[in-house]
Number of protein chains: 2
Amino acid sequence: MVLPRAARTQRRTRIQEEKEEQILEAALEVFATHGFRGSTIDQIADVAGMSKPNLLYYFRTKETMHRALIDRVLDTWLDPLREFDAEGNPASEIRSYIRRKLEMARDFPRESRLFANEVLQGAPHIEDELTGPLKALVDEKAEVIRSWARAGKIAKCDPYHLIFAIWSTTQHYADFDVQVKAVLGEAHSGEGRFEDAARFLEQLFIGGLAVAQEPSAT
Amino acid sequence: MVLPRAARTQRRTRIQEEKEEQILEAALEVFATHGFRGSTIDQIADVAGMSKPNLLYYFRTKETMHRALIDRVLDTWLDPLREFDAEGNPASEIRSYIRRKLEMARDFPRESRLFANEVLQGAPHIEDELTGPLKALVDEKAEVIRSWARAGKIAKCDPYHLIFAIWSTTQHYADFDVQVKAVLGEAHSGEGRFEDAARFLEQLFIGGLAVAQEPSAT
DNA sequence: TGATAATTTGACCGGTTGGTAAACATTACA
DNA sequence: TGTAATGTTTACCAACCGGTCAAATTATCA
């Protein structure tokens, strides 16, 4: 009997496990560099090292494949923000959030570009994720930041724009990698790049959020 | 005689002027939202309000059209950085650079997305512009920033990463507009959004670059 | 081992894509 | 006004795209 391909009615096969993994890996590679519309199934199949009909046996449509990829990657992608701890020391929480985001930009640039492509092109496939889980998480953390500001632990500032600033500056190194490389040239573009970026961003955010020196003595 | 279409051997006609304008406007709209590969000539022709063969009479290929668009837009896009003045007051130069970039993100989001799409997908069509004119301009301005730091007018910092940070934070509001809107919700997403962003970024960069308080008195 | 289910493949299909050819329409200008 | 150059359209093409189908192959396990 020809069951609906890769049907979840039965337990998943070892082969299913492996092939779906291969496909999603290839899909990440391709979708991240060409966006959804710019990517072709043939291309993904090629990278995955299998024939197009074979790939379509596991994911019936391009959309299905894209969705599966998004679902798998989104959680990981939000982890750094989730770790943001209300109980911690504000300065060091912000510092390590920047670190984590920068590490993700360095170690998982494809994931970053996957989302960047999506959002840039109007987020036609992930709108629900943005207004749902993402917004909820950001709202929660924004409240934490606001409370720190109220307690005088960091400067008063708009928490949402702070989060946007951390996102944009860190993800820049993944999304705009070729530009960064082109501008820095061979000189600064080696290993030290991320270290330099980390140092600068730390200086920027910690300095920018330091509570203004009050005239009163310490 | 059927000259090579829109040949530049003769002076350009009024009609050529108008139609090419129409086409580039439409091309900007389409390329900015779907990237090069994701855009179709039919779509652009449709937005431009003309038939596909008619469009192809003015630009023989999709590549030609894209290149013409890039050439036209790049100069404008770099203007804010060009205005960056070595003779001015550092803090207010940085402040107004941020302003200008933010205004461009607000007023010309399509131009921003056009480049974002290109760079994100590996800059296959604009590599020369990045390593050429862009790098040259950035190198020049980086030197200015470095000299300010040496003179003790702003904190010592990596000028390249500073420029990247200004680019990314400001362009974020154009490129990731849907995400910003999704997260901010209806509440903060009206007119005031850019004002809030400007205020925050000013605070961040001016604070972050303030020369550290030396133990010596003022 | 054999039967049954799971997987893979090649051939194919209708629609879209970038682009062309040639006829037709319009403009500019002597 | 006539005619040559410019501009526009219809019909078309080959390649590509997302996806199907049925046949062939391979894995599973009683």
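Everything quoted here is computed from the prediction, not taken from an experiment. Here is how names work: the chains are called A, B, and so on, in the same order as the sequence lines, proteins then strands, and each is numbered from 1.
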Checklist entry - Is the number of heavy atoms from other residues, nucleotides or ligands within 6.0 Å of CD (B:Gln43) greater than 12? => result yes

Checklist outcome for this item: Testing D:dG18, C:dT20, C:dG18 for proximity to the side chain of B:Pro53, the answer is C:dT20

Next on the checklist: Using heavy-atom distances to pick each residue's nearest nucleotide on DNA chain C, tell me which of A:Leu55 and A:Arg37 is more 5'.
Outcome noted: A:Leu55

Item to check | Under 4.0 angstrom between A:Tyr57 side-chain N/O and D:dT20 OP1 or OP2 | outcome: no

Next on the checklist: By the 4.0 Å heavy-atom rule, please label A:Lys52 as base, sugar-phosphate, or nothing.
Outcome noted: base

Checklist entry - How would you label the contact of B:Thr64 with the nucleic acid (heavy atoms, under 4.0 Å): base, sugar-phosphate, or nothing? => result nothing

Next on the checklist: Can you tell me if A:Gln22 has over 12 outside heavy atoms packed within less than 6.0 Å of its CD?
Outcome noted: yes

Item to check | Rounded distance (Å) that lies between atom P of C:dT17 and atom CZ of B:Phe36 | outcome: 14 Å

Item to check | Length of the CE-C1' vector between B:Met65 and C:dG19, whole Å | outcome: 12 Å

Checklist outcome for this item: Here the distance between atom C1' of D:dA27 and atom NZ of A:Lys19, to the nearest Å, is 12 Å

Checklist entry - Between B:Asn54 and D:dG7, is there a side-chain N or O to OP1/OP2 distance below 4.0 Å? => result no

Checklist entry - Nearest nucleotide by nearest heavy atom, which residue falls closer to the 5' end of DNA chain D, A:Ser39 or A:Ile15? => result A:Ser39

Checklist entry - Could you give the CG-to-C1' distance, from B:Leu56 to D:dT10, as a whole number of Å? => result 14 Å

Checklist entry - A:Ile41 has an atom CD1; how far is it from atom C1' of C:dC13, in whole Å? => result 15 Å

Checklist entry - Is B:Ser51 near enough to D:dT8 that one of its side-chain N or O atoms lies under 4.0 angstrom from OP1 or OP2? => result no

Next on the checklist: Students often mix this up, so state it plainly: with edges at 30° and 60°, are the rings of A:Phe164 and A:His161 parallel, tilted or perpendicular?
Outcome noted: perpendicular

Checklist outcome for this item: Separation of C:dG19 atom P from B:Glu63 atom CD, nearest Å, is 6 Å

Item to check | Nearest-angstrom distance from the residue atom CD of B:Glu18 to P of C:dT26 | outcome: 17 Å

Checklist entry - Given C:dA6, is OP1 or OP2 found less than 4.0 Å from the side-chain N or O atoms of A:Gln16? => result no

Checklist entry - NZ of A:Lys62 versus P of D:dC16: gap in Å, rounded? => result 16 Å

Item to check | Main-chain N/O of B:Tyr173 paired to B:Arg106 side chain as donor or acceptor, under 3.5 Å | outcome: no

Next on the checklist: As a test of understanding, state which of A:Asp107, A:Asn117, A:Asp175, A:Thr170 forms a side-chain hydrogen bond (donor to acceptor under 3.5 Å, both in side chains) with A:Ser112.
Outcome noted: A:Asp175

